2 protein chains.
Amino acid sequence: MKTKKISDNVIKRLPKYIRYLETLASLGVTRVSSDEIGEQMGLTASQIRQDFNCFGSFGQQGYGYNVVELRAKLADILGMTGSRSAIIIGVGNLGRAIAKNFSFGNCGVILKAAFDIHPSEGKNVGKIPLYNINEIEAYAKENPVDIAILTVPSPAANDMAVRLIPFVKGIWNFTNVELNGIPENIVVEDVHFSDSLLALNYYMTQNELEEKN
Amino acid sequence: MKTKKISDNVIKRLPKYIRYLETLASLGVTRVSSDEIGEQMGLTASQIRQDFNCFGSFGQQGYGYNVVELRAKLADILGMTGSRSAIIIGVGNLGRAIAKNFSFGNCGVILKAAFDIHPSEGKNVGKIPLYNINEIEAYAKENPVDIAILTVPSPAANDMAVRLIPFVKGIWNFTNVELNGIPENIVVEDVHFSDSLLALNYYMTQNELEEKN
């Protein structure tokens, strides 16, 4: 797995900046200061400038950022305008849900195929073809694969990840397993549902405390 | 929906602090400085102290934070030691995957029941009972519900969220729909899968650039 030069947390903030900038744009706002972005993000203006400086220089001192331009630059940094190919490995409930509901296009990712150990339920998942997992090496020889979306059962996760090494550039890992033995040149990104549930918990508690007072 | 006093982004960082502190604890590290936490999180030491100061005073100047104590305090702030009740609304692929795979206990949440418009496939989802959505009001009268996990199809999302208003404190929204008409005293938390996919995209691009050089 890759040692990351720019902190993962800086990268994770970029989609949030983009959502905020899209909201501003939809309200007709054309310029925004690092102070305003910072207030929205719970960071200081200096931290905002520091985040953006990681990627070169945006904005002008005393003038702020052009909302549409900054959004476009951040979207470009995140590859939202690209066209990477993805496959889903493991078409249980979660794999199926992701294949059917997720709009990958907005992220610059095109879902191409799905693989399962028992692809018996049909030849497609949503609009993409479903293959037996035994065909994956042959498929990858013919079709370049950028991203494998790993939604196999946990006990199968690490072996499957290792099997993917020869032909993927990134693994989007939904399995709650910490993957081991993945080389540096393959990026692993884990999905943490629980972060969001814990935030919900926190705000519910705050509401209850306020109602008591 | 609630106007939040402490920034959502501060709250969202807490689980990441907790994971880092758990890693440190597992390595036998007992103290950590705000500098070290900041380096790990891509923030300044001052920002780290500012984040923790939102919740009262932790740590001692020049001495750092006690890893186990700080982890316990943050976990307590996020309600990880609590026991909130949750129900799942919409047992399609995603609802079923969440019901079966997600370990809510670690988050202080207990999954109690599931509801669907066509609960015909069985009387249970995993280990929890499955009811017809028409029974939800009667269920809520007998069983207090803290959190509704919204996994209905997008076109049904807002109407269902409004129907939940009388008896939930929080909605964990997986529907990709921006919910409208939810009052201030109910917390809505949206799940953004794409943030994680965009980070994956970014690091893959970085790897490719490095390989070219």
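None of these values were measured; they are calculated from a predicted model. Just so we're on the same page: letters track the sequence lines, and every chain starts at 1.
Ranking A/Ile11, A/Thr151, A/Leu94 against chain B, the residue ahead of the rest is A/Ile11, based on heavy-atom pairs under 4.5 Å. Between chain B and the options A/Gly95, A/Ala97, A/Gly82, the largest number of non-hydrogen pairs under 4.5 Å is found for A/Ala97. For chain A, the option among B/Lys100, B/Met41, B/Gln50 with the highest count of heavy-atom pairs below 4.5 Å is B/Met41. The choice from A/Gly79, A/Cys107, A/Gly170, A/Pro153 that makes the most heavy-atom pairs within less than 4.5 Å of chain B is A/Cys107. Among the candidates B/Lys16, B/Gln47, B/Glu39, B/Gln40, the residue making the largest number of heavy-atom pairs closer than 4.5 Å to chain A is B/Gln47. When each of A/Val109, A/Val10, A/Asn106 is scored by its heavy-atom pairs under 4.5 Å with chain B, the top score falls to A/Val109. Each of B/Asp51, B/Asn201, B/Ile147, B/Thr205 has some count of heavy-atom pairs under 4.5 Å with chain A, and the biggest count is that of B/Asn201.
Note on B/Glu208 versus A/Arg84: salt bridge recorded, some NZ/NE/NH1/NH2 to OD/OE distance being below 4.0 Å. The pair A/Asp195-B/Lys12 fails the salt-bridge criterion, with no side-chain N (NZ, NE, NH1 or NH2) lying under 4.0 Å from an Asp/Glu carboxylate O.
The two residues B/Ile128 and B/Ala113 come nearest to each other via the heavy atoms CD1-C, 3.6 Å. Closest heavy-atom contact between B/Ala99 and B/Leu111: CA-CD2, 3.7 Å. For the pair B/Val152 and B/Gly90, the tightest heavy-atom approach, listed with the atom from each and the gap, is CG1-CA, 3.9 Å.
For chain B, the nearby parts of A/Asp146 are the backbone and the side chain; heavy atoms of each come within less than 4.5 Å. With a 4.5 angstrom heavy-atom cutoff, A/Leu43 touches chain B via backbone and side-chain atoms both.
Two rings, from B/Phe52 and B/Tyr17, have their centers less than 6.0 Å apart.
Between A/Phe193 and B/Phe193, the ring planes lie parallel to each other; the angle is under 30°, not in the 30° to 60° tilted range.
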